[in-house]
Trainee: 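Quick one: the structure is below, questions incoming.
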Amino acid sequence: MIDRDLAARLVVAAHRRVRDHREELSRLDSVAGDGDHGVNMATALAEAARRAEQGDHSTPADVMRAAGSAFHETVGGAAGALFGSFFGALAGQLSRSEEPDARQLVAGLEKGLARVARVGKSEPGHKTMIDALAPAVRAARESLDRGDDLEFVMATAARAARRGARATAAMRPSAGRARFAPDHSLGTEDPGANTVALVLESWAEQLSSEVRV
Amino acid sequence: MIDRDLAARLVVAAHRRVRDHREELSRLDSVAGDGDHGVNMATALAEAARRAEQGDHSTPADVMRAAGSAFHETVGGAAGALFGSFFGALAGQLSRSEEPDARQLVAGLEKGLARVARVGKSEPGHKTMIDALAPAVRAARESLDRGDDLEFVMATAARAARRGARATAAMRPSAGRARFAPDHSLGTEDPGANTVALVLESWAEQLSSEVRV
Amino acid sequence: MSIRTRRFLNDPARAVAEMLEGYVAAHASIISLQDGMVVRAAPKAEGKVGVVIGNGSGHEPAMIGWVGEGLFDVNVAGPIFSSPGPAAILRGIEAADRGGGVLLLVSSHAGDIINAELAIEEAEDEGMDGVEMVVLYDDVASASKDRITERRGGAGLFYVWKMVGAAAERGDSLEACAAIARKVRDRTRSLSAATGTVAHPVSGQPLGDPDDTTLSVGMGVHGEPGARLGEDVAADEIARLMIDRLADDADLPSGSQVGLLLNNAGSLTLMELSVLYRGARAALERRGIEAVRSWMGPYATTLDMAGFAFAICHMDGELLDLYDRPATGAGFTMVGRSPR
Amino acid sequence: MSIRTRRFLNDPARAVAEMLEGYVAAHASIISLQDGMVVRAAPKAEGKVGVVIGNGSGHEPAMIGWVGEGLFDVNVAGPIFSSPGPAAILRGIEAADRGGGVLLLVSSHAGDIINAELAIEEAEDEGMDGVEMVVLYDDVASASKDRITERRGGAGLFYVWKMVGAAAERGDSLEACAAIARKVRDRTRSLSAATGTVAHPVSGQPLGDPDDTTLSVGMGVHGEPGARLGEDVAADEIARLMIDRLADDADLPSGSQVGLLLNNAGSLTLMELSVLYRGARAALERRGIEAVRSWMGPYATTLDMAGFAFAICHMDGELLDLYDRPATGAGFTMVGRSPR
Ligand SMILES: Nc1ncnc2c1ncn2[C@@H]1O[C@H](COP(=O)(O)OP(=O)(O)O)[C@@H](O)[C@H]1O
Ligand SMILES: Nc1ncnc2c1ncn2[C@@H]1O[C@H](COP(=O)(O)OP(=O)(O)O)[C@@H](O)[C@H]1O
Ligand SMILES: [Mg+2]
Ligand SMILES: [Mg+2]
Ligand SMILES: [Mg+2]
Ligand SMILES: [Mg+2]
């Protein structure tokens, strides 16, 4: 079960993780982009975590919706809009049940992926966050269908996201700023895909630590 | 005797010498000034040499007057004006005789020094070209009064100019741009004083080579 | 060569907010701050089309300097190099609404487009009508001509800003303003060049390789890398190469009249700009193209990038009229109208 | 940090000449070239005082951008960082002569003064009367107040240029124009700051130590070194420190009205300028001094120096009137008149 407080802890965990990798994310973005991805993501997630911790939300959907708004209100940029839309779509799905479980979460991830692809008009292989998010969502669905629990589903998703992010190094970009200098980013992973991996990894770890406690 | 052609050769020799030390003169000027002294002097002397070599002057005074104009017409800056005035005053003195000799030349150097001091409103010890020119002119006068010949007089003047230029390293500037940052130039010789030394050295060498031939 | 990381700021994270305060204070007769946005000190007359742009910061005077009579009504400045989010753009649209509809001009960059689209969706959800957006591009280096809509926005878009601003001020309808935006866009081309790079003021991250002093042509407005040219190319040659590429791409016949923009991306000296401008004029003349209007200076900067862009806008009577209409912006001035 | 040596030029030795050609071509409705000098496209009316300045190049838009109606009649641009010689200045004086006398404004630097004096001697030798020169200074860092006439000229002199230009255009006599020059000079103070240095385009020589990134206060306009401040001083603190020094030196009582100029020495971003401006306004307010007019941007640059200068001019009714009179220069614009 994902309650309001767990949702808040997930947002806080995502913020910590991304903040700790801020420099690395900006550096990845500087190779063929404009060097701000780490700053953008850390700024938005700091605000998302602040709102999550204030705790005046009554449902996990509210927490995720507030996180989405934090992205849309604080940073902008391509990834700001897309992550904001991702959290917004996730929240929409979670709001369909009082106490969402792994099933709702996976459905929410699917909604999030679909929203990102629609808003960003991008597909797998374009060297974007989609290349981490799509395999992660697919892996989560398969894990869920195999009957795995929330913790295991998320761990599976996180591993797939990380593999997906790594695989972007070999891609030539066809979306985002990087596409204008496709050769420059060969050999370098996509920053947005890395953020996806970091967020899902932080969620997997948070869930596993909760189980252990 | 200094005839028209010798005067021209002196101007050409001065140009070659200064041109070969252009970078060093600019570097000296960059420590507390604006880094252009070598460029200024080489540019003006290139034009002076061009005019001298054209050879449509009938007297040595004409050659030196043309050199002064070259300074005034091509570069400006503090040193451009002062060297221009120096050559102008020298020319004025030389024009008093048909075939000027060491006596006229030394009187011309004295006139030049006086003009530079008047125009620049500067005195010995201010860390300027005066600190090479004044001792050089004094040494030339003493040498002449001892009965030395033109070649010897000029060699004496050149040595005194060089000693004067070296001594500027220990001075704090109170004229020119450098005076606004007096400590910065401590330990560095004054660029204009160096140009004076280079010019007189080139003249001494030119005269000695002429005698040898 | 290397780059400057020591900047004259207080807390870099507050730099954009403090910049807006300072800039507006210095130009209070033209602009003021409203809810974090730069708006005209004297709003446009009721019933006219409001013109809005949201963009990342770090490109000043773009676009904070182009808010005013005959230009933008509202500029929403985002973080450095990042488009503002949909919430802020929506506020900008609301602030610019004088009852005649609102035109959102968007320079084609993934973030700018996505955020603008989301903002317009939200505006529709709130029941606002008459909000249009036009996506603009001009940079010939960013995609081939057969995929022209995939090109990104560059310094040439100042022609669009100026002419749409003039049309809206004159009282043209939303539809007419949008049509002018598209027309100017389609007649404008730009190309940039730079040497070295800049550092992001907040992340401190240099964009690209800070030790690379090769001249690149076709950089993005955020310092995204371009193609390399040799080390020691003369200004005249660079100018000719770039102008030829622009004129070829625009299929400009001999006898065409163009506006010529030479944009300073940051730290170029006016000496270099003037020498490059001279080279560009010669290159245009060689093709029989006449530069009837010129702009030279910092329009869209990339912090203190040592670079520049050329843009040409193929003029006609309608565009010249719009170009020449008066306008007032803190960073905009109509001097040197005709280069003749 | 290091400096940019790769410049977008052709032959550096021809850079000044080519710059003049390009700049004038881009602004042909305002200025033209005559005998290597920048002159007004439309000469001043007969009988009025001609205003001339000769200065080294590398400071653009100073002064090529300040030739035009209500500003200078003639600018004689010398080599980079070097005043033109007396012959060129004399030609400038002759070109500016409209029968009402000629005022030569001289920024106090050894070379500028010496060459101007020689030019005036030559003008006298040629039988010209009515040629006056006023030597101007404003830089508080260059000499103590009891030796104020030994100070050098800085960015504050733009107040003199503007107001004398307006007086001459209005038809004031040579004597009256010279009196205004002295009055504005005596009410103006400036102070500069920079980090790093620049390289001379022709000699390639960096001025001072290129690896020194310490902030210096009190640099000369040619990059002559100043006094060092700490490494990491916030913009607000730098602005306060500098404004206090200026206001103290000028003995400005609370309630004074000033013009505030924030000059970009080259490659500062408008973001930094705006943040510094904000700090300066706060510092003035703390002393009860009101900035009634503001200029912010590149006035006198030092190539691409990463630095700036503050200047304040103590206004009164007469000066405000002259300041507000219209003027047209390719690098001058009257926007944002009042910061209120
Ligand atoms: N159209 C798109 N679809 C999906 N993801 C995108 C798209 N454009 C950009 N991205 C993602 O955004 C990341 C860059 O984000 P960021 O640097 O924060 O924004 P910006 O590019 O506006 O500076 C890229 O690494 C990529 O993963
Ligand atoms: N008032 C002066 N009197 C004598 N010599 C001076 C004076 N001012 C400057 N100089 C000389 O000029 C030299 C600098 O010349 P230069 O660099 O060519 O001119 P600028 O200072 O105008 O750039 C100094 O080294 C000094 O010798
Ligand atoms: Mg980015
Ligand atoms: Mg010098
Ligand atoms: Mg960005
Ligand atoms: Mg000089």
Side-chain angles (χ1 to χ4, degrees), chain A residues 22-44 46-47 68-85 88 115-116 118-122 126 128-129 173-185 188 191-192, chain C residues 12-13 54-58 76-91 109-119 121-122 139 141-143 150-152 197-210 216 218-227 302-303:
Chain A
R22 192 167 66 163
E23 261 75 61
E24 185 191 326
L25 293 171
S26 287
R27 195 187 51 71
L28 289 175
D29 190 32
S30 75
V31 173
D34 59 357
D36 61 357
H37 185 65
V39 175
N40 292 344
M41 294 299 99
T43 305
E47 176 61 16
S69 307
F71 273 91
H72 281 178
E73 287 165 26
T74 54
V75 294
L82 295 170
F83 277 95
S85 297
R115 180 78 64 87
V116 169
R118 176 178 71 78
V119 171
K121 300 181 192 72
S122 49
H126 281 183
T128 69
M129 58 187 283
S174 38
R177 304 192 184 298
R179 79 184 158 94
F180 299 117
D183 293 341
H184 267 81
S185 76
T188 304
Chain C
N55 53 262
S57 294
V76 189
I80 293 170
F81 293 169
S82 271
S83 143
I89 299 176
L90 179 61
R91 281 198 305 277
H109 293 273
D112 297 56
I113 296 177
I114 295 172
N115 285 287
E117 282 173 346
L118 291 174
E121 276 181 22
E122 286 185 36
D139 180 0
S142 52
E150 290 177 32
R151 287 182 175 174
R152 70 187 157 199
T197 184
V198 295
H200 193 286
V202 181
S203 74
Q205 199 61 55
L207 309 180
D209 178 359
S216 295
M219 327 261 308
V221 78
H222 308 88
E224 300 94 334
T302 302
L303 297 170

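Reminder, nothing fancy here: chain letters follow the sequence lines and each chain counts from 1.
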Trainee: Measuring heavy-atom distances to chain A, does C:Pro84 have an atom under 4.5 Å in its side chain, in its backbone, in both, or in neither?
Mentor: backbone

Trainee: Atom NE2 of C:His109 and atom CG of C:Asn115: how far apart are they, to the nearest 0.5 Å?
Mentor: 13.0 Å

Trainee: Less than 4.5 Å apart, any side-chain heavy atom of A:Phe71 and any of A:Met41?
Mentor: yes

Trainee: Measuring heavy-atom distances to chain C, does A:Arg115 have an atom under 4.5 Å in its side chain, in its backbone, in both, or in neither?
Mentor: neither

Trainee: Pick one of side chain, backbone, both or neither for A:Thr74, based on which atoms fall under 4.5 Å of a heavy atom in chain C.
Mentor: backbone

Trainee: Compare all side-chain heavy atoms of C:Pro79 with those of A:Asp36 and state whether any distance is below 4.5 angstrom.
Mentor: no

Trainee: Can you label the angle between the A:Phe83 ring and the A:His37 ring as parallel, tilted or perpendicular, going by 30° and 60°?
Mentor: tilted

Trainee: First locate atom CG of A:Leu82, then atom OG1 of A:Thr128, and finally report the distance between them rounded to the nearest 0.5 Å.
Mentor: 8.0 Å

Trainee: Please state whether the side chain, the backbone, both or neither of A:Val39 comes within less than 4.5 Å of a heavy atom of chain C.
Mentor: side chain

Trainee: Heavy-atom distances under 4.5 Å only: say whether C:Ile80 touches chain A with side chain, backbone, both or neither.
Mentor: backbone

Trainee: At a heavy-atom separation under 4.5 Å, does C:Glu121 approach chain A through its side chain, its backbone, both, or neither?
Mentor: side chain

Trainee: Hey, which of C:Gly111, C:Ala119, C:Gly58, C:Ser82 has the most heavy atom pairs under 4.5 Å with chain A?
Mentor: C:Ser82

